[in-house]
Amino acid sequence: MSISVFLFLALLFVIALLIVRALGRSSPTRGEPPAHRGGPHAEQILAERYARGEIDEEEYRRRLATLRGTPPGGAPPGGKPPGGAWP
């Protein structure tokens, strides 16, 4: 009987913990920028970081190419570069 009471209390604790965690994820956390809560798209966030001077042009272009699925040179992954010639 004492084991069943212990298991019941443990089950209640686990359920309460899961509910608290689920509610915690839906509410904004302190210090977290709004973009990470389903705000602007990744490219817009990247453009904002570039505009604020957090990243330089080279890093902006590299990350933008990564987001778009192309290498920084402009060729699609596994494809030929623009113009069809390899350097």
Side-chain angles (χ1 to χ4, degrees):
M1 171 118 173
S2 64
I3 292 177
S4 62
V5 171
F6 175 77
L7 290 176
F8 179 73
L9 291 175
L11 178 65
L12 287 178
F13 177 78
V14 169
I15 290 172
L17 182 65
L18 291 175
I19 290 172
V20 168
R21 287 182 66 193
L23 292 175
R25 287 185 185 166
S26 63
S27 65
T29 31
R30 212 179 294 167
E32 183 180 358
H36 294 290
R37 295 191 306 251
H41 292 80
E43 289 185 18
Q44 188 175 359
I45 295 168
L46 187 63
E48 290 170 0
R49 289 188 64 200
Y50 175 63
R52 286 192 302 261
E54 293 178 12
I55 56 175
D56 61 5
E57 183 178 359
E58 179 183 337
E59 185 173 358
Y60 170 76
R61 292 190 185 280
R62 182 175 48 83
R63 289 182 181 215
L64 186 62
T66 301
L67 286 173
R68 292 181 175 170
T70 59
K80 292 184 177 180
W86 294 102

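E58 is linked by a side chain to side chain donor-acceptor pair (under 3.5 Å) to nothing, counting only residues two or more places apart in sequence or in another chain. Listed by chain and number, the residues in a side chain to side chain contact (heavy atoms under 4.5 Å, CB included) with L18 are V14 (sequence neighbours excluded). Taking L7 as the reference, I3 meet the side chain to side chain contact (heavy atoms under 4.5 Å, CB included) condition, with sequence neighbours excluded. Qualifying side chain to side chain donor-acceptor pair (under 3.5 Å) partners for E54, counting only residues two or more places apart in sequence or in other chains: R49, R52.
The side chain to side chain contact (heavy atoms under 4.5 Å, CB included) test with E59 is passed by exactly one of R61, E57, R63: R63.
Grouping Ile, Leu, Val, Met, Phe, Trp and Tyr residues whose side-chain heavy atoms lie under 4.5 Å apart, directly or via other members, places Y50 in a hydrophobic cluster with L46, I55, Y60, L64, L67.
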